[in-house]
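Contents: one structure, followed by commentary.
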Amino acid sequence: MATSVDIDEDDASNKQNREAYQLRSNIAQIVATLGFCILLAAVGLMLSMPTIVIGGLLGIEDQLSLDENDASWLGSLIFLTQPLGSCVSGFLQDRLGRKKCMMGATIPQIIGWIILYYSTSVAQLYIASILMGVGIGFIEAPVLSYIGEVTEPRMRGPMSVLGGSFCGIGILIECFFGAIADWRNVCAMSASFPVMALIALCFIPESPVWLICVGRIAEAEQALCWLRGWVHPAYVRKEFLSLLTHLNSPCAQELVDISKDNKDMKDFRKEQKTTNLSHGFMDNLLILTRPSIYKPFTLIIIYFFVSNSISLLGMKPFLVKIFKDMGMPISAHWVLVVSSGLQVVGMVACILTMHLFGKRLITFLSLPRSLTSCILLGLLPMLQPQYPRIAFFLFGLIFYAVDLSISPVPWVLLRRGIAGGLSAAGFYVLAFVVTKSYINLVHLFDVYGTCFIYSAVGLIGFVYLYMKLPETEGKTLQEIEDFFKDESTKKKKIVATLGFCLLMATVGLIFFMPTIVIGGLLGIEDQLTLNENDASWLGNMVFLTQPLGACGSGFLQDRFGRKKCMMGATIPQIIGWIILYYSTSVAQLYIASILMGVSIGFIEAPVLSCIGEVTEPRMRGPMSVLGGSFCGIGLLIECFLGAIADWRNACAISASFPVMAFIVLCFIPESPVWLICVGRTAEAEQALCWLRGWVHPAYVRKEFLSMLKHLNLPCAQELEKMTNLPHRFMDNLLILTRPSIYKPFTLIIIYFFVSNSISLLGMKPFLVKIFIDVGMPISEHWVLVVSSGLHWVGNVACILTMHLFGKRLITFLSLSVSVVSCILLGLLLMLQLQYPWIAFFLFGLIFFAAGFGVCTVPWVLLSEIYPVEGRGIAGGLSAAGFYVLAFVITKSYINLVHLFDVYGTCFIYSAVGLIGFVYLYMKLPETEGKTLQEIEDFFKDESTKQKKVGSTEKL
């Protein structure tokens with residue numbers, strides 16, 4: 001909504017008049033906003049109602065009492081029923097207006113509070129919660145639409161957060177009532193707020209945007225005059241014209257003509273035309289298919305899920321009990337008051353800083369604080385120290401941080417009309433899921449495990465929002481809409497890559513499976529047990545059998561395509577997990593490991609080939625590392641499952657991941673490079689259009705022709721002609737003799753050997769036992785979780801920095817840190833120094849550094865350094881080489897320990913890393929940002945490149 005004062009030229013140049021107009025406009029907008037802020041305060045009262053009622057009735061011996069299941073339903077029922085009102089209000093507010101919807105929403109609230117006060121059964125409590133949920137549903141969409149439509153761009157953010165802060169004030173008031181009165185009297189006092197809101201809403205005008213949309217132009221102008229400080233229509237003429245133009249009103253041109261002739265606006269009002277723009281039910285649903293609607297809708301829903309998780313919303317109905325169990329230094333009810341007060345302070349801080357810093361920066365300042373505090377809050381009960389004041393501080397910090405940004409910002413971003421109603425409904429559906437699932441999560445993972453799950457959601461949300469969240473502060477509504485209408489290729493490649501990444505997560509699960517199973521069976525006295533030799537074979541079987549699949553996939557992916565190979569690889573994984581779950585003998589464990597090893601072999605080559613072929617050069621590195629980071633996420637998930645469940649249940653849960661991967665892969669296209677190679681040119685063009693953002697073929701024609709020429713196809717000049725290029729078995733083997741194949745193959749194999757050694761891969765099946773022997777300061781299973789988490793953080797850091805630093809610098813930084821840390825770890829063990837925290841730090845540093853570079857970069861190179869005619873077979877053999885080396889290193893670990901002890905083994909791994917540093921410094925080229933053709937040309941040169949030893953020449 002533009003801001004203007006369209007008065008005489010002399011007056012417009014008068015600074016005093018402009019300042020007076022702005023002051024009156026600000027006051028009017030604040031007054032209008034405060035009218036429904038009372039209504040939002042009533043929402044805050046209802047949201048805190050379950051906490052107060054559950055705190056007063058849970059586990060007491062009385063006629064009206066709640067057990068844990070009743071409390072879980074009462075705490076979440078208000079969220080479940082809200083969408084009933086929210087979805088309807090999205091339609092009704094477009095037909096009846098924003099104001100009437102807000103006023104009507106107070107009625108079920110008043111009835112709900114009365115039922116609560118007189119309730120004598122759990123069913124009546126449920127009925128009251130249902131009414132309140134429906135009442136909240138009628139509020140959200142019209143309130144948020146009203147804020148966006150009556151305020152100027154510079155005031156929209158602060159006024160939206162001001163409304164949210166009143167919701168926080170309502171929560172604070174309800175908590176205060178709960179601290180000074182019993183729950184029935186709290187309900188009686190709370191019933192007065194919707195009554196006051198109904199009265200206040202009678203005195204504010206309807207939204208001028210809605211009035212224009214239904215053709216009530218004169219009333220819209222009067223409303224705008226009221227909202228800009230009760231001014232004369234001449235003061236808002238330019239802004240009113242801008243509104244009409246933006247809404248495509250047929251009256252806009254008439255207003256332009258009248259303004260040009262400087263006629264009185266009364267003549268225009270007499271000739272106003274009514275244009276009804278309200279949509280029918282199906283029209284409203286069709287609106288959701290527009291990019292300007294479904295894109296922000298998706299963003300808002302994901303933001304809501306992250307916000308609900310990291311704000312500990314699931315805990316809130318049970319906060320009184322949680323605070324009592326933790327032994328807070330003050331009364332549990334007063335802790336609620338303090339926490340709610342900090343929420344209000346956070347919202348006020350958001351109001352004061354949003355215009356200065358913008359929504360993005362506030363989000364990324366707030367989310368890490370909440371994330372860190374949630375992790376620390378999880379560690380506190382896990383380690384079981386009695387520090388109630390620290391717990392009190394962490395809860396307060398979380399409640400302050402979430403209301404500084406991640407709770408109010410998505411509501412500020414919320415769209416209008418049907419999309420606003422459905423978005424608000426989405427918030428409450430997610431709130432119901434998060435709240436209702438809390439008890440189940442606690443039963444499965446305890447309170448600290450639940451905190452870690454919420455932290456993981458927050459971490460993933462941080463990455464997503466960093467990529468997707470636009471800055472809207474100070475932008476007009478039209479500018480914001482234009483941002484989401486843009487259907488360019490920005491970040492579209494991520495959609496396809498994430499399909500492969502889910503498959504890579506299953507690889508991570510399989511990698512750490514031996515560690516979990518060996519940790520649960522090594523040396524125990526049971527029907528199924530493992531000795532040291534059995535454990536050594538089980539830890540290596542995945543690596544030993546992987547080449548069987550890898551070599552086969554190198555040929556099969558060139559014949560059947562990348563996509564079919566990836567989908568087929570999920571089948572042996574699923575069978576393997578099922579066999580593991582039901583296994584009763586060591587032989588069955590071996591069979592499951594063999595199947596999983598073969599499945600990994602089928603995955604590596606087609607995944608890495610596909611990433612290299614569907615992404616542009618500037619995106620290839622980060623997207624390849626993204627795949628590796630999902631492998632790290634798989635490791636982290638498996639470690640977490642091993643920490644919270646026994647090994648059989650961990651296997652059962654893990655089986656769901658290849659199933660999900662199979663489903664996702666059904667919706668991504670085949671590699672356009674492979675389709676061209678087998679002569680399916682038309683399908684290749686369609687696939688490329690999908691991968692570049694579902695665009696018209698004209699947008700990809702230049703890239704498509706370049707791809708055809710690069711592959712030396714005659715259809716580069718004549719698109720209708722097709723050429724079939726699959727190779728026979730011997731042809732594939734002969735390809736390996738070319739310098740453009742065997743040179744990068746040698747480089748990759750040596751890199752893999754260095755990586756496997758310095759990353760302590762040989763130790764990983766025995767890490768649980770090693771951590772017990774070292775005497776780690778926390779549970780060995782949680783050390784695994786932390787170490788895997790650091791490995792994944794290293795992957796993410798690699799994604800964010802690879803395009804900036806390049807692969808060479810990242811390799812040498814990572815390798816240096818790993819070598820030094822491994823030497824120090826060996827010295828610590830050799831001297832038998834009892835410093836468990838130092839050992840914990842060194843292990844963590846090695847896993848982080850390995851994830852940052854040496855475990856990640858060779859797989860990125862694998863997707864880009866081979867020419868297309870040999871990419872399948874060379875990629876498959878390279879992946880097979882990795883697993884052969886992994887088998888050798890892992891199987892030899894026990895022998896090395898018997899000969900040189902653990903510290904001597906660390907020194908051997910350090911020596912390999914040091915020699916590898918020298919070799920890679922001389923041989924490793926920089927490929928970041930280069931085309932596949934440029935990379936191929938580097939390895940094709942047989943005369944000069946070999947002589948330039950130690951050269952750091954970039955391609």
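- To the nearest 0.5 Å, the span separating CZ on Phe399 from CD1 on Ile171 amounts to 9.5 Å.
- Separating the CD1 atom in Ile204 from the CZ atom in Arg98 is a distance of 12.5 Å, to the nearest 0.5 Å.
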Quiz item: Run the side chain to side chain contact (heavy atoms under 4.5 Å, CB included) check on Ile810 and Val857 step by step: do they pass?
Solution: CA-CA 8 Å; Ile810 286 177; Val857 171; 4.2 Å; yes
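- Listed by chain and number, the residues in a side chain to side chain donor-acceptor pair (under 3.5 Å) with Thr811 are Tyr751 (sequence neighbours excluded).
- Separating the CZ atom in Phe847 from the SG atom in Cys855 is a distance of 9.5 Å, to the nearest 0.5 Å.
- Atom CZ of Phe393 is surrounded by 12 or fewer heavy atoms from other residues, nucleotides or ligands within 6.0 Å.
- For Phe452 and Phe640, the gap between ring centers reaches or exceeds 6.0 Å.
- At a threshold of 4.5 Å between non-hydrogen side-chain atoms, the residues Phe304 and Ile300 count as touching.
- Within the model, atoms CG of Leu313 and OG of Ser76 stand 10.5 Å from one another, a figure rounded to the nearest 0.5 Å.
- Annotation: the span from Leu376 atom CG to Ile390 atom CD1 amounts to 9.5 Å, rounded to 0.5 Å.
- The ring pair (Phe, Tyr, Trp, His ring centres under 6.0 Å) with Tyr438 is formed by just one residue from the set Phe318, Phe79, Tyr454; it is Phe318.
- The backbone N or O of Lys316 sits less than 3.5 Å from a side-chain atom of Thr51, completing a donor-acceptor pair.
- Other residues, nucleotides and ligands contribute more than 12 heavy atoms inside 6.0 Å of the CZ atom of Phe364.
- Within a 6.0 Å sphere centred on CZ of Phe432, heavy atoms belonging to other residues, nucleotides or ligands number more than 12.
- Side chain of Ser373 to backbone of Arg369: a donor-acceptor contact under 3.5 angstrom is found.
- Ser455 contributes a side-chain N or O that, together with a main-chain N or O of Cys451, makes up a donor-acceptor pair within less than 3.5 Å.
- At distances below 3.5 Å, at least one donor-acceptor pair connects side-chain atoms of Ser437 with backbone N or O atoms of Val433.
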